[in-house]
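Hydrogens, waters and symmetry mates are skipped; everything else that's a heavy atom, side chains included, is used. Residues: numbered from 1 along the sequence shown.
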Amino acid sequence: MCLLLSARDRVELESMWTILALLCLLAPGCLAQTPQPCKSPTLTGSISVSALTEKKWLLASYMYDAAGQRLHIKDLKQAGNATLDVSLLFTEGVLYRIDEERQKCSKEALDTSFQPMVIPAAASLIGNVVFGVLSEPGQRLQSNTWLANDTGSLVYSVTERGCIPISILSQSDRYGWVIISFFNNAVGISDPAQINLPDFCKGVEIEDTDGEKPADFLSLFLNI
């Protein structure tokens, strides 16, 4: 179903985070500890990306190397129902599109301004939210919600312990409102070799985009 948000709806959605912060101030023990911006550990799991203003909802699996700041997306759907693996190397500012079946690989510039596994140092804490049953330690998940920019258009939610990503809400002129959800997460990568580039990607030169804007994380899912 396609959700079209009016200007009023967008204002109300952004103000929701302010209300959440006020509720936190009234909650007992909410300010007992002050959470700090954080970086997620090495993870594997699943990810979904949904554009609220378009009929797009995509699902893929991922592996994230925290030390090397590498994010590997597996089985990413492309036009014509084809799938690709994509490796994002944030420290190098490049990404690789990998076609294992055809043994082909392309290399592109990567816009690294948005990194989904890092709470920016300048982020502002909105509040703490508990999922599940508040009174039962074994049936609750505590999370911290962060406003990551000054415009109210980028909000992160991560677990209070471990900085495991739960969701990201972002808004831009290019994509509108987008929700990114993380689930079935596990700490670590069972086979670290799986995140390494295959041999047929070695020595591949970066493609000339003829002045086009470099790809970013969201464009991998929404520009199909």
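- One finds the OG atom of Ser61 at 8.0 Å from the CD1 atom of Ile73 (value rounded to the nearest 0.5 Å).
- Take Gln115 and apply the side chain to side chain contact (heavy atoms under 4.5 Å, CB included) test, not counting sequence neighbours, and it matches Gln69, Phe90, Thr112, Val118.
- No side-chain heavy atom of Leu220 sits less than 4.5 Å from a side-chain heavy atom of Val49.
- By the 30° and 60° cut-offs, the orientation of the rings of Tyr156 relative to Phe114 is tilted.
- Between Pro37 and Trp146 the shortest heavy-atom distance is N-CH2, 3.5 Å.
- Of the possible donor and acceptor atoms, one in the side chain of Asn149 sits under 3.5 Å from a partner among the backbone N and O of Gly152.
- Applying the salt bridge (charged side-chain N to carboxylate O under 4.0 Å, His left out) test to pairs two or more places apart or on separate chains, none has a residue in residues 122-131.
- The line from CD1 of Ile189 to NE2 of His72 is 9.5 Å long, rounded to the nearest 0.5 Å.
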Throw together a table of side-chain donor-acceptor distances under 3.5 angstrom for residues 194-205, partners on residues two or more places apart or in other chains.
{"unit_1": "Asn196", "atom_1": "OD1", "unit_2": "Arg70", "atom_2": "NH1", "d": "3.2"}
{"unit_1": "Asp199", "atom_1": "OD1", "unit_2": "Lys202", "atom_2": "NZ", "d": "3.1"}

Sequence neighbours left out, cut at 3.5 Å: what donor-acceptor pairs do the side chains of residues 101-110 make with other protein atoms?
{"unit_1": "Gln103", "atom_1": "NE2", "unit_2": "Glu100", "atom_2": "O", "d": "3.0"}
{"unit_1": "Glu108", "atom_1": "OE2", "unit_2": "Arg97", "atom_2": "NE", "d": "2.5"}

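- In this view, Asp191 satisfies the salt bridge (charged side-chain N to carboxylate O under 4.0 Å, His left out) rule with no residue, not counting sequence neighbours.
- The minimum heavy-atom distance linking Phe221 with Ala60 is given by the pair CE2-CB, 4.4 Å.
- Applying the disulfide (SG to SG under 2.5 Å) definition to pairs two or more places apart or across chains, those involving residues 122-170 are Cys38-Cys163.
- Val86 and Val94 fall into different hydrophobic clusters, where Ile, Leu, Val, Met, Phe, Trp and Tyr are joined by side-chain heavy atoms under 4.5 Å apart, directly or via other members.
- Using a distance-only test at 3.5 Å, with no hydrogens or angles considered, no donor-acceptor pair links the side chain of Asp65 to the main chain of Thr42.
- Looking at Ser87, its side chain never comes within 3.5 Å of a backbone N or O of Tyr96 through a donor-acceptor pair.
- There is a side-chain donor-acceptor pair under 3.5 Å between Ser157 and Thr145.
- For Ser46 (side chain) and Asn184 (main-chain N/O), no donor-acceptor pair under 3.5 Å exists by modelled atom type.
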Exercise for the section: Could you walk me through whether Leu95 and Phe217 pass the side chain to side chain contact (heavy atoms under 4.5 Å, CB included) test, one step at a time? Expected result: CA-CA 10 Å; Leu95 68 83; Phe217 175 80; over 6 Å; no

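- Atom CG in Leu88 sits 5.5 Å away from atom CG in Leu71 (nearest 0.5 Å).
- When all heavy atoms of Ala66 and Ser40 are compared, the closest pair comes out as CB-O, 3.4 Å.
- Remark: of the listed residues Val129, Val158, Thr159, Thr159 is the sole one forming a side-chain contact (heavy atoms from CB on, under 4.5 Å) with Ile166.
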Practice task
Mind running side chain to side chain contact (heavy atoms under 4.5 Å, CB included) on Leu43 and Val187 for me, showing each step along the way?
Solution key: CA-CA 5 Å; Leu43 295 168; Val187 176; 4.0 Å; yes

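- Residues Asp85 and Asp75 share a closest heavy-atom pair of OD1-N, 3.0 Å.
- One distance of note links OG of Ser143 with CD1 of Ile164; it measures 12.5 Å at 0.5 Å rounding.
- Leu76 and Met63 fall into different hydrophobic clusters, where Ile, Leu, Val, Met, Phe, Trp and Tyr are joined by side-chain heavy atoms under 4.5 Å apart, directly or via other members.
- Closest approach of Ser170 and Leu154 over heavy atoms only: CB-CD1, 3.7 Å.
- For the pair Tyr64 and Pro165, the minimum side-chain heavy-atom distance is 4.5 Å or more.
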Practice task
Go through the steps to decide whether Ile47 and Leu59 satisfy the test side chain to side chain contact (heavy atoms under 4.5 Å, CB included), and finish with yes or no.
Solution key: CA-CA 6 Å; Ile47 185 172; Leu59 179 68; over 6 Å; no

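- Within the model, atoms CD1 of Ile119 and CG of Leu147 stand 11.0 Å from one another, a figure rounded to the nearest 0.5 Å.
- Atoms CD and CG, on Glu160 and Leu141 in that order, are 9.5 Å from each other to the nearest 0.5 Å.
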